[in-house]
Visitor: 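Attaching a single structure in structure tokens format; questions to follow.
Along the sequence shown, residues are numbered consecutively beginning with 1.
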Amino acid sequence: MAPTPASLQGTCKLRAEPAPSDELFDWIAGEYAALAAEYGPRNVLVLKRHPAGLERLTDALAAVGATDGTPQSPRVESLPEHASKVLEALDPTLDRLEYEERIELISLVIDGASREVPSYLERAADHESFARDVGQLLLEATRQRLRLADVEREDPHDCLAFLYAMNDRFHAELEDRGYVERADVIPRTVDALEANTDDLRTRIGKSIDAVLAVEFEEYRRLDRRYLAALTADADLVCLGERHASVERTRVESGSIEDRVGDGLEIEVLESGENGSEPDLRTGTPPHRSVTRLLATGETPRSNDDAEPDSARRIRTRTAREQVRSVATEIQALRDRNGWSYDAVAVAVPRIERVPETRTQLREAGIPTATIGTPSLAEDPAVNELYAFVTLQCARERDGDDRIGAALAGGRGSPDRDADDPETVAVERLRARVDDFSPDLLADCAGASVSRSLERWIRRTDLKGRIAREEDWIDAREGYAGVRRVLEIARFVEETDLVGPDWQGLRRMLRRTIQYDAPYVHAVETQPPTGGVTVCAVDDLKYDSREAVFLLDLIDDTYPGEQFLTQLFPTAWLREMDSYPAVTDPSVEDVTATFATVDADGVGDPFETYHAQRSRRRLALGARAARSRLYCCSYERGAGGLRRTYDESRYLQELEATPGLELRTVDADTDAAIHGESNALETLLAQPRGELERILREASTGGEADLGATEELFEEIAVVLAEGDVDDELAEAVRSQFEFAAGEVIRDD
């Protein structure tokens with residue numbers, strides 16, 4: 001018989017509203033100092049729900065001085081990291097399933113399914129995002145320990161029933177092979193702790209006298225059970241914020257205090273402005289009321305003598321121009337305030353937007369700090385190695401003659417298809433490696449696929465080429481891609497999932513490249529070299545920067561239209577009670593979870609519920625700014641000069657709220673233009689921009705100064721005629737005059 005789950009026992013302190021990040025960290029440090037003084041720093045375990053912001057939390061707690069003035073050495077871990085170590089203490093032989101291994105194993109399970117695949121899933125499998133969407137659904141089901149047997153009584157949709165059955169079979173395979181996937185670490189560790197398997201809870205608890213649970217508003221059902229089992233014989237203090245849960249509220253509605261039972265003593269701490277808790281820092285961000293309104297719906301308190309709280313707004317025509325304007329404003333901030341680049345963060349709605357945004361900022365002359373693992377499909381070095389593997393497969397099958405024929409004939413050979421995999425691979429390697437030949441392929445081939453890859457990397461100086469041809473950030477990510485391919489090759493030689501040969505490696509690489517997503521792995525936002533951080537808005541929750549730019553504040557993004565997943569239509573989700581998320585909230589659920597909406601304002605409960613989660617994401621991103629908050633949006637529309645703004649409804653609410661001010665940033669700021677790409681785009685934008693200025697004046701009855709326009713155009717003409725200007729650039733500038741004149745229409 002399974003043991004009865006322990007209940008949480010201890011103290012829970014909740015701030016009444018999301019506080020500025022520095023104030024939040026001061027508060028956490030104060031609570032930690034009290035526990036460290038009572039039990040000793042090494043006997044206090046600090047657990048944060050999510051890894052993002054863990055380094056900064058550790059630094060803040062390390063600054064808490066002991067009685068002799070020596071910095072503390074706090075034990076700070078994310079809850080998943082701690083659970084993983086506890087599980088390893090129970091069974092050191094367990095192997096954690098890596099991302100690539102998971103893709104291959106679950107695909108084999110689905111391919112071998114005995115259940116009939118629902119026709120909808122068969123059709124949906126053709127979509128690019130299908131594998132990722134299915135993977136995310138199964139990961140969430142695993143995190144919540146939802147099995148087919150748990151949901152069968154709810155008569156689940158046939159698609160969900162099929163996927164849950166596949167997930168059960170997948171985990172049975174994992175157990176047989178001695179693997180554990182990351183999403184299953186917390187559920188399995190909860191079982192072991194509650195049962196005290198092999199005296200595990202007793203052994204782990206010997207070094208823990210107190211636990212400080214940080215970011216408690218995000219602890220889910222199994223997280224709370226983990227915490228309860230871990231602290232059965234320890235003092236527990238939970239710290240959280242009301243109106244700040246985004247991830248927990250994805251899977252369970254209501255406030256955190258309604259979910260913890262009667263064992264925790266709840267204490268709600270009002271902000272210093274409300275009287276019971278003093279502000280711990282003297283400086284209050286000028287946009288604090290913006291954060292408060294987005295998080296709680298509370299409007300600014302009236303004070304006739306005070307300046308209105310304010311944020312800044314950047315409005316541009318296109319998404320690309322939005323990033324350009326952000327780059328210009330960052331340079332202006334450096335010129336005016338002397339801030340370093342790492343004092344600035346640029347937040348995008350989702351992680352997939354990071355690579356593109358980061359690239360555009362760098363093209364505009366802004367160094368960026370974000371390093372991660374981009375999509376393998378976009379990595380030139382990975383594509384080179386995949387081409388190498390493809391040709392080794394061809395050699396193994398047909399010998400060297402086919403490779404030689406492809407080299408001799410190339411794409412233009414009448415008996416070669418330009419889309420033939422071997423032809424594509426040959427062309428790719430010939431373009432990247434100067435002395436590429438069949439002999440080079442043969443020299444690098446051996447019995448071990450991993451050692452053969454290593455030989456190719458050395459013989460062709462792949463890492464040296466990456467270092468010479470790429471910027472340091474791209475080079476570092478290129479090295480990470482090469483490392484991932486080598487790890488996959490070593491796994492192929494060890495597993496029985498695929499053959500330990502070129503065909504097996506190519507199959508696994510192809511699946512991984514096809515299903516891989518940008519930055520699904522670790523993302524480092526503060527490497528030693530510094531630079532502007534580009535991150536998903538969720539990663540700012542435990543961060544603090546002098547200036548934060550919130551990008552893409554349009555209604556299609558905040559709140560957006562597609563909630564939870566692209567796998568199923570929204571109408572289906574509303575009826576999927578077995579889906580591992582909140583899909584059928586009542587009006588009461590919505591109002592109990594979000595103070596920003598009342599019962600009369602709830603139209604569609606599903607859409608309202610998840611739209612409010614999006615609003616919270618903005619609030620938490622906004623509070624990360626210490627001095628300057630920028631709300632950035634761009635126009636929506638197609639072609640010509642007739643375009644409309646589709647700003648986020650939350651940005652419109654801020655603008656309409658008395659006591660708040662959105663100060664428009666002049667896109668034509670006096671800051672210097674940095675970067676060749678930025679300079680070229682500035683030049684190319686001049687003709688169209690001037691014509692739009694004249695039309696705006698005419699449409700409002702004003703008088704446009706045509707003399708200034710003529711002078712500008714004459715200067716451009718002189719540069720094109722007499723300057724050392726590339727012919728393609730000159731033609732591009734001339735085409736902009738055609739666009740401006742309406743001779744050519746584009747859809748951007």
Side-chain angles (χ1 to χ4, degrees), residues 100-101 103-104 376-470 474-475 477-514 516:
E100 295 81 7
E101 301 160 5
I103 289 174
E104 187 62 29
L376 290 178
E378 301 170 359
D379 191 323
V382 170
N383 284 320
E384 176 182 322
L385 294 177
Y386 182 69
F388 171 75
V389 172
T390 297
L391 294 184
Q392 293 295 356
C393 288
R395 290 186 64 253
E396 195 173 62
R397 185 180 63 247
D398 303 322
D400 290 331
D401 292 343
R402 189 170 182 182
I403 307 300
L407 271 170
R411 290 179 182 265
S413 178
D415 60 343
R416 302 296 292 173
D417 182 353
D419 295 327
D420 178 79
E422 286 78 22
T423 302
V424 173
V426 164
E427 292 299 318
R428 177 165 287 147
L429 294 186
R430 184 152 57 179
R432 288 184 58 85
V433 181
D434 291 337
D435 58 348
F436 173 67
S437 67
D439 290 341
L440 178 60
L441 285 174
D443 289 345
C444 292
S448 165
V449 293
S450 63
R451 287 196 293 273
S452 298
L453 281 169
E454 291 169 350
R455 195 173 299 127
W456 171 268
I457 292 168
R458 289 195 304 271
R459 286 285 303 273
T460 66
D461 191 27
L462 176 57
K463 291 184 177 180
R465 284 185 282 129
I466 293 173
R468 289 190 298 271
E469 297 168 7
E470 305 287 352
D474 291 330
E477 292 185 347
Y479 295 150
V482 171
R483 185 166 57 249
R484 285 180 66 192
V485 173
L486 289 174
E487 289 171 353
I488 293 171
R490 296 183 189 111
F491 176 74
V492 163
E493 293 177 332
E494 298 169 358
T495 186
D496 61 352
L497 296 176
V498 294
D501 52 20
W502 292 114
Q503 297 292 341
L505 176 57
R506 184 168 186 261
R507 168 195 163 98
M508 194 163 181
L509 268 179
R510 184 176 66 251
R511 285 189 186 273
T512 305
I513 291 172
Q514 179 183 359
D516 196 36

Visitor: How many angstroms lie between CZ in Arg507 and CD in Gln503, if you round to the nearest 0.5 Å?
Guide: 11.0 Å

Visitor: Looking at residues at least two apart in the chain, or sitting in another chain, which of them share a side chain to side chain contact (heavy atoms under 4.5 Å, CB included) with Glu470?
Guide: Ile466, Asp474, Ala475

Visitor: Should Arg484 and Asp379 count as side-chain neighbours, where that means a heavy-atom distance under 4.5 Å?
Guide: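 No, their side chains stay 4.5 Å or more apart.
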
Visitor: Return the CG to CG distance between Asp435 and Leu440, rounded to the nearest 0.5 Å.
Guide: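 Those atoms lie 6.0 Å apart.
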
Visitor: Indicate yes or no: at least one non-hydrogen side-chain atom of Val433 is less than 4.5 angstrom from one of Phe388.
Guide: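 In short, these two side chains do not touch, never coming nearer than 4.5 Å.
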
Visitor: Does Glu396 pair with Arg506 as a salt bridge, N-O distance under 4.0 Å?
Guide: no

Visitor: Can you list everything that forms a side chain to side chain contact (heavy atoms under 4.5 Å, CB included) with Asp434? Sequence neighbours excluded, please.
Guide: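 Per chain and number, Asp434 pairs via side chain to side chain contact (heavy atoms under 4.5 Å, CB included) with no residue.
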
Visitor: Write down the atom of Pro421, the atom of Thr390, and the distance for their closest heavy-atom approach.
Guide: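 Taking every non-hydrogen atom into account, O-CG2, 4.0 Å.
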
Visitor: By the definition side chain to side chain donor-acceptor pair (under 3.5 Å), identify the one residue from Arg465, Arg455, Arg432 that meets it with Thr460.
Guide: Arg465

Visitor: Can you name the side-chain hydrogen bond (donor to acceptor under 3.5 Å, both in side chains) partners of Ser452, sequence neighbours left out?
Guide: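 Expected list: none.
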
Visitor: Answer yes or no: is there a side-chain heavy-atom contact under 4.5 Å between Leu505 and Trp502?
Guide: yes

Visitor: Find the distance between CG (Leu453) and CZ (Arg490) and round it off to the nearest 0.5 Å.
Guide: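 So the gap between those two atoms works out to 9.5 Å.
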
Visitor: side-chain hydrogen bond (donor to acceptor under 3.5 Å, both in side chains) with Asp461: which residues, sequence neighbours excluded?
Guide: Arg468

Visitor: Identify each donor-acceptor pair in which a side-chain atom of residues 442-449 lies under 3.5 Å from a protein atom, sequence neighbours left out, and give them as a table.
Guide:
from: Ser448; atom 1: OG; to: Ser450; atom 2: OG; distance (Å): 3.2
from: Ser448; atom 1: OG; to: Arg451; atom 2: N; distance (Å): 3.2
from: Ser448; atom 1: OG; to: Glu493; atom 2: OE2; distance (Å): 2.6

Visitor: Evaluate the criterion side-chain contact (heavy atoms from CB on, under 4.5 Å) for residue pair Leu391 and Phe436; output intermediate values, then yes/no.
Guide: CA-CA 12 Å; Leu391 294 184; Phe436 173 67; 3.7 Å; yes

Visitor: Does any non-hydrogen side-chain atom of Leu486 lie less than 4.5 Å from one of Leu385?
Guide: no

Visitor: Sequence neighbours left out, what passes side-chain hydrogen bond (donor to acceptor under 3.5 Å, both in side chains) with Gln392? Give chain and number order.
Guide: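 Result, side-chain hydrogen bond (donor to acceptor under 3.5 Å, both in side chains) vs Gln392: Arg395.
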
Visitor: With distance as the sole test, does Tyr386 use its side chain to make a donor-acceptor pair with the main-chain N or O of Arg510 at under 3.5 Å?
Guide: no

Visitor: Please report the shortest heavy-atom distance between Val482 and Ala381, naming the atom on each side.
Guide: CG2-CB, 3.9 Å

Visitor: Are Glu427 and Arg430 ion-paired here, with the side-chain N under 4.0 Å from a carboxylate O?
Guide: yes

